[in-house]
Amino acid sequence: MTPRLGHKIGEAAIVVLGISIAVALRASLLDFKSIDYFNYTKGWYNALRAGGFAAFGQSFSNYNLPYLYLLYLVARFLPDVPAVVATKLPPLLADFVGAWLVFRIVRLRHPNSPLPTIAAFAYLFAPTLVLNSAFWGQADALYASALLACIYFLLSRRDTAAMLLFGLAIAFKAQAVFLVPLLLALLLRREVRWTSVLLVPVIPLLSMVPALIAGRPLLDLLLIYPVQAGQYEQLSMHAPSALSLIPDSGRYYPFFYPAGLIVAVTAALAYVLAIDKSRAKITPELLLVLALLSVLLMPFLLPKMHERYFYLGDAISILLVFYLPALIFVPILMICVSFFAYQPTLFGTEPVPIGLLALGIFVIIVILWRHALLQLYSGRVENRPGTDAVE
C-alpha cells in the first residue's frame, strides 16, 4: 500500500466515522415530540397518510407545498415509520445535504486541504442546527440547504443556477427572502443578470402544479405566505431582535409593526446602495460577509420574527470562518445566541435575557458592517460592466 493510498483510506475512515456519529446523535433525539409536532406537523402527516395525494386538494396545512410533498413521499414509501420520525426525515436529510454544500463551498477556497471536511463536520455538529431538525422537527434545514446551493453558484459565477436554487428556497420557506438585499445589490452591479432573476418564480410556480391537479384552488396556493404573515400579532416571538426590547403587549403592536417594516426596508436600501456605489471587487470573502450581513440584518429589524429565523446566520457564519479565520468569534457568538434563544420555546427556561441576546446579534452586525465597508471602500476598484476601470 502506497502512502498516498493509505492517506486516502484514513481520510475516508474519518469521514465515515464522523457521519456515523452525526447520524447516531440525531437518532438519539428523534423521539422528542415538541408542541409544534402536536399542534401542526403530526396533523399534516396524518392527513397525508390517510388521504394520500388527494389530500393536496384541501387546505390542511399553513406550510408551503414542497415540504408537504416530502412528507407525502415518506408516508407513501415508509408508512411504518412513527409519525414523529417521519416528520423529521426531510430536514434530517437536508442536514447532510447542507453539510455537503458547505464542503463544496469551502473547497472552492481550500481545494487541497482537510478544511472542507472540517467545515462540513462543523456544520453537522453545530448545536442549533442539530436541535432544529432532529429534536425540534423544524424544516429550516430545507430552505437553508437551497440557499447554501445558491451561494455556491454565486461564488462559482453561475447566476442562472443560483437564481433557480433561490427560487427553490423561496418555495420551501418565505424566510429565504432574507437574502434578497444581497441579490438585489448583485443585480444592480450586473453580477447577476436580469434574465437569471426572471427564473426565480419558476420552481415556486411548478411546485403548485401537483396541488392544482389534486383540486386545490390557485388563489389558496398564492395566499399561503400572506396568510402565514398575518397569523400572529406579536412584535417578536422569542427572536433576539431589536423589537424584542419592546414589551410584548398588543397595545404597542399597531405602532411598532409598521415602524419595524419601515426601518427594515430603509436598512435594506442602505445596504444595497452601499454595495452598488462601491467599485470594489466582490471577492468570495466579501460575498460571504455580505450574505451573512443580509440574513442577520433582516430578521434583526423585521417584526414577527421567530427565534429560529436566525438559522441562516448560524449556517453562513460557519462558512465564513473558513474564508476569514480572523472572524472566528462570529460563528461562536452567533450559535451561542441562537442556542440560548431556543431555550424558552424548547425547554421553558430563559437562562440569558433576550435583551442580551439581541445585543449579541447587534454586535455581530456592527462588526460585519465595518468589515464590509472597509472592503467596499478601501480604494480598490474593478472593471464593472458599463464602466471604465480607474487605477
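Residue numbers run from 1 in the order of the sequence given. Every value quoted in this text rests on a predicted model; they were computed, and no experiment measured them.
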[Y] backbone acceptor or donor facing [X] side chain under 3.5 Å:
| X | Y | answer |
| --- | --- | --- |
| K42 | Y37 | no |
| D159 | R193 | yes |
| S236 | L243 | no |
| Y377 | R279 | no |
| H110 | F322 | yes |
| S317 | G313 | yes |

Output the distance between atom [atom1] ([X]) and atom [atom2] ([Y]), rounded to the nearest 0.5 Å.
| X | Y | atom1 | atom2 | result |
| --- | --- | --- | --- | --- |
| L290 | L297 | CG | CG | 11.5 Å |
| T87 | L48 | OG1 | CG | 11.5 Å |
| L186 | M163 | CG | CE | 7.5 Å |
| S145 | L165 | OG | CG | 10.0 Å |
| L373 | S278 | CG | OG | 9.0 Å |
| L288 | L154 | CG | CG | 10.0 Å |

Exercise for the section: Taking atom types as modelled, find out whether E307 and Y342 have a side-chain donor-acceptor pair closer than 3.5 angstrom. Expected result: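 No, because no side-chain N or O of E307 sits under 3.5 Å from a partner of the opposite role on Y342.
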Practice task
Verify whether one side chain among Y253 and K304 offers a donor that lies under 3.5 Å from an acceptor in the other.
Solution key: yes
Work out which heavy atom in [X] is nearest to a heavy atom in [Y]; give both atom names and the distance.
| X | Y | answer |
| --- | --- | --- |
| I335 | A126 | CD1-CB, 4.1 Å |
| V81 | A86 | CG1-N, 3.7 Å |
| A239 | S244 | O-CB, 3.2 Å |
| P240 | F300 | O-CD1, 3.6 Å |
| N64 | I170 | ND2-O, 4.2 Å |

Just wondering, do [Y] and [X] contact through their side chains at under 4.5 Å, heavy atoms?
| X | Y | value |
| --- | --- | --- |
| M305 | P299 | yes |
| P90 | L71 | yes |
| F166 | V197 | no |
| L70 | F172 | yes |
| Y143 | L312 | yes |

[X], [atom1]: over 12 other non-hydrogen atoms inside 6.0 angstrom:
| X | atom1 | answer |
| --- | --- | --- |
| L356 | CG | yes |
| I35 | CD1 | no |
| N112 | CG | no |
| F255 | CZ | no |
| E350 | CD | yes |

Would a single hydrophobic cluster contain both [Y] and [X], if residues Ile, Leu, Val, Met, Phe, Trp and Tyr are joined by side-chain heavy-atom contacts under 4.5 Å?
| X | Y | answer |
| --- | --- | --- |
| F103 | I318 | no |
| F60 | L223 | no |
| L273 | I275 | no |
| Y123 | V97 | yes |
| L188 | V200 | yes |

With a 6.0 Å cut-off on ring centres, are [X] and [Y] close enough?
| X | Y | answer |
| --- | --- | --- |
| Y257 | Y252 | no |
| F135 | F347 | yes |
| W136 | F32 | no |

Practice task
Give the ring-plane orientation class for Y63 versus W44, where under 30° counts as parallel, over 60° as perpendicular and anything between as tilted.
Solution key: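 Because their plane-to-plane angle lies in the 30° to 60° range, the rings of Y63 and W44 count as tilted.
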Problem - Passing candidate, side-chain hydrogen bond (donor to acceptor under 3.5 Å, both in side chains) with D140, options H306, K173, Q175 - result: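 So, applying the side-chain hydrogen bond (donor to acceptor under 3.5 Å, both in side chains) to D140 and each of H306, K173, Q175, only K173 qualifies.
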Problem - Residues Y152, R104; criterion side chain to side chain donor-acceptor pair (under 3.5 Å); working and verdict - result: CA-CA 8 Å; Y152 171 78; R104 295 292 300 273; 2.8 Å; yes
Practice task
Evaluate side chain to side chain donor-acceptor pair (under 3.5 Å) for N132 paired with Y311, printing each intermediate quantity in order.
Solution key: CA-CA 9 Å; N132 188 282; Y311 185 101; 5.1 Å; no
Exercise for the section: Report yes or no: is the cationic atom of R26 (NZ for Lys, CZ for Arg) closer than 6.0 Å to the six-membered ring centre of F96, at no more than 45° off its axis? Expected result: yes
Exercise for the section: Could you please spell out the steps behind the side-chain contact (heavy atoms from CB on, under 4.5 Å) verdict for I262 and V265? Expected result: CA-CA 5 Å; I262 292 169; V265 170; over 6 Å; no
Practice task
Run through L93, L30, D95 and flag the one making a side chain to side chain contact (heavy atoms under 4.5 Å, CB included) with S133.
Solution key: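 Exactly one option meets the side chain to side chain contact (heavy atoms under 4.5 Å, CB included) with S133, and it is D95.
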Practice task
Run through L198, L205, L206 and flag the one making a side chain to side chain contact (heavy atoms under 4.5 Å, CB included) with V202.
Solution key: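 Of L198, L205, L206, side chain to side chain contact (heavy atoms under 4.5 Å, CB included) with V202 is met by L206 alone.
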Problem - Test log, rule side-chain contact (heavy atoms from CB on, under 4.5 Å), inputs L131 and F339 - result: CA-CA 9 Å; L131 285 174; F339 179 78; 3.7 Å; yes
Problem - Verdict with reasoning, V85 to D31, per side-chain contact (heavy atoms from CB on, under 4.5 Å) - result: CA-CA 7 Å; V85 177; D31 288 336; 4.3 Å; yes
Handout entry: side chain to side chain donor-acceptor pair (under 3.5 Å) involving Y72 - partner list, sequence neighbours excluded
Key =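 In terms of side chain to side chain donor-acceptor pair (under 3.5 Å), with neighbours along the sequence ignored, Y72 is linked to no residue.
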Practice task
Start with the C-alpha distance between E285 and Q375, add both sets of side-chain angles, then the distance that settles side-chain contact (heavy atoms from CB on, under 4.5 Å), and finish with yes or no.
Solution key: CA-CA 10 Å; E285 292 82 1; Q375 296 301 308; over 6 Å; no
Fill in the blank from the handout: Contacts satisfying side chain to side chain donor-acceptor pair (under 3.5 Å) that involve residues 325-341 (not counting sequence neighbours) are D314-S338
